[in-house]
Amino acid sequence: TFFGEPYAKHLPLHALLSYPFVNVFGYGLGMKLSSLVAGWGVLVATYLLLAKTLSRQVALLSVVLLTAHHGFVLMTHFGSADLLFAALFLFSVFAYTQAGDKKRCYLLAFGLAGFASLTRYNGVPLFALFAGHTLLYRRHDLRSVSYWGGLALGLGLIGSWFARNFLVFGDPLYTEYTAELSKESLGFIGQIVSNAVFYIQPTRNLLPILLLCALYGLWKYGRTQKFLVAAILTAWLLTSFWWVQGMRFAFPGYPILMGFAVMGLLDVCRTIRRPVLVGLLIVLTHLPALCLYSYGSCNAWFDRSVGLLPQN
């Protein structure tokens with residue numbers, strides 16, 4: 001309940017996991033520490049996933065660049081569920097990649113997908129990703145007890161929220177988001193087009209140089225890393241038609257996209273043989289973004305003295 005009224009908007013896991021921090025440090029600092037710890041989880045999960053699927057070098061460079069990513073740094077201040085969801089999403093995808101060799105990891109993959117879905121509804125498409133990939137590439141794993149046990153565990157976790165809504169509201173799919181979406185959306189196709197225009201803007205994702213490297217990396221390596229490409233699209237599926245536009249809603253796909261950006265960047269450096277110049281260009285684009293997005297005094301100075309960008 002919220003102020004004594006039954007609540008059916010935000011999912012519950014982030015609040016539950018943040019409570020110990022709030023209980024010890026108070027609401028403001030406690031929620032910020034909760035986001036900071038979740039951010040550490042994002043970095044660890046990014047390294048594990050990219051080291052498993054790409055290479056250790058790509059994973060390390062991706063984590064370094066992600067740590068200085070303006071959106072990531074900003075979200076460590078927020079006290080919101082975004083980084084917790086991103087960490088659970090990435091850990092779940094990593095566990096699934098492990099399950100090809102260790103069948104027990106299906107329990108972890110689906111379990112983490114269930115917890116991710118209890119953090120944001122965007123986690124639910126993970127079940128379709130894993131099931132579709134298994135049918136296409138791991139059909140023999142359908143005979144594994146761990147696979148079906150993990151699926152039951154994950155569905156049971158997210159199902160607990162639907163069961164709660166049925167008991168409280170009489171409708172398992174009841175959510176206050178439905179009214180918002182129907183009222184504010186531009187329509188399914190219109191909202192997808194509007195969101196695509198919004199998120200393709202480089203200042204809202206990986207910034208110009210890394211975004212170009214990411215597109216090049218996807219073009220060159222995407223066919224050999226179809227599962228990672230599918231994981232990015234899975235992270236963005238519900239975001240694509242959600243009416244609220246903000247970097248944090250698309251962020252769970254960025255750590256994987258950063259891996260493709262690093263692969264593209266390494267290819268560019270090998271081709272032009274000017275790694276110092278490329279690195280300097282990246283720093284010169286990242287530092288202003290960090291200043292504007294993540295440091296209030298810098299943002300305020302820019303608005304007052306320069307004012308070329310929208311204040312919000």
Side-chain angles (χ1 to χ4, degrees), residues 21 25-40 42-43 46 61-86 184 186 191 193-217 236 239-240 242-255 257-258 260-262 264-265 268-269 272 274-312:
F21 295 97
F25 298 103
Y27 182 75
L29 180 58
M31 293 304 293
K32 289 179 184 293
L33 286 173
S34 174
S35 287
L36 183 61
V37 172
W40 296 341
V42 169
L43 297 178
T46 299
L61 286 173
S62 298
V63 167
V64 169
L65 291 172
L66 190 63
T67 305
H69 184 268
H70 54 297
F72 175 77
V73 174
L74 179 63
M75 283 187 289
T76 61
H77 305 167
F78 269 175
S80 66
D82 302 296
L83 291 181
L84 174 62
F85 172 72
E184 303 289 346
L186 301 175
Q191 195 64 59
V193 173
S194 175
N195 287 351
V197 172
F198 179 87
Y199 288 112
I200 200 65
Q201 222 269 40
T203 61
R204 299 188 179 114
N205 43 64
L206 297 187
L207 299 180
I209 295 176
L210 285 179
L211 179 61
L212 290 173
C213 289
L215 295 175
Y216 173 66
W236 292 344
T239 301
S240 67
W242 184 237
W243 68 275
V244 181
Q245 294 174 330
M247 184 192 305
R248 62 196 185 94
F249 297 111
F251 179 78
Y254 291 163
L257 189 63
M258 189 71 82
F260 284 101
V262 168
L265 180 64
V268 169
C269 289
I272 67 173
R274 294 288 189 277
V276 175
L277 176 61
V278 175
L280 183 61
L281 288 173
I282 292 174
V283 170
L284 290 176
T285 53
H286 269 67
L287 286 181
L290 267 176
C291 174
L292 290 173
Y293 277 86
S294 307
Y295 190 53
S297 297
C298 175
N299 183 280
W301 170 84
F302 189 89
D303 285 343
R304 296 191 191 105
S305 306
V306 184
L308 295 176
L309 299 176
Q311 291 191 358
N312 60 352

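Excluded from the calculations below are hydrogen atoms, water molecules and symmetry mates; all remaining heavy atoms, backbone and side chain alike, are included.
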Residues, nucleotides or ligands: over 12 heavy atoms within 6.0 Å of Tyr295 OH: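 No, not enclosed.
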
Rounded to the nearest 0.5 Å, how far apart are [atom1] of [X] and [atom2] of [Y]?
X      : Y      : atom1 : atom2 : answer
Phe251 : Phe85  : CZ    : CZ    : 11.5 Å
Tyr254 : Arg204 : OH    : CZ    : 9.5 Å
Asn205 : His69  : CG    : NE2   : 7.0 Å
Leu257 : Leu211 : CG    : CG    : 7.0 Å
Tyr27  : Met31  : OH    : CE    : 5.0 Å
Arg304 : Asn299 : CZ    : CG    : 9.5 Å

Evaluation steps, side chain to side chain contact (heavy atoms under 4.5 Å, CB included), between Tyr216 and Leu265: CA-CA 9 Å; Tyr216 173 66; Leu265 180 64; over 6 Å; no

Qualifying residues under ring pair (Phe, Tyr, Trp, His ring centres under 6.0 Å), relative to Phe260, sequence neighbours excluded: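 Counting only residues at least two positions away or on another chain, Phe260 forms no ring pair (Phe, Tyr, Trp, His ring centres under 6.0 Å).
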
Would you find a donor on one side and an acceptor on the other, under 3.5 Å apart, between the side chain of [X] and the backbone of [Y]?
X      : Y      : result
Tyr293 : Pro288 : no
Thr76  : Val73  : yes
Lys32  : Gly79  : no

Under 3.5 Å side-chain donor-acceptor pair for Ser240 and Trp236: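 Judged by distance alone, the side chains do not pair up.
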
Leu43: partners by side-chain contact (heavy atoms from CB on, under 4.5 Å), with sequence neighbours left out: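 By the side-chain contact (heavy atoms from CB on, under 4.5 Å) rule, Leu43 matches Val63, Leu66, Thr67, Phe72.
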
Identify the two heavy atoms, one from [X] and one from [Y], that lie closest to each other, and give their separation to 0.1 Å.
X      : Y      : value
Leu210 : Ala261 : O-CB, 3.5 Å
Ala214 : Leu206 : CB-CD1, 4.0 Å
Pro202 : Pro208 : CB-N, 3.8 Å

Full working for side chain to side chain contact (heavy atoms under 4.5 Å, CB included) between Leu65 and Ile282: CA-CA 9 Å; Leu65 291 172; Ile282 292 174; 4.2 Å; yes

With His70, the side chain to side chain contact (heavy atoms under 4.5 Å, CB included) member among Leu207, Leu292, Leu287: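 It is Leu207; the other options fail the test.
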
Step-by-step side chain to side chain contact (heavy atoms under 4.5 Å, CB included) determination, Met247 to Gln201: CA-CA 10 Å; Met247 184 192 305; Gln201 222 269 40; over 6 Å; no

Check: Gln245 and Gln191 side chains under 4.5 Å, non-hydrogen atoms: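 With C-beta onward as the side chain, the pair touches.
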
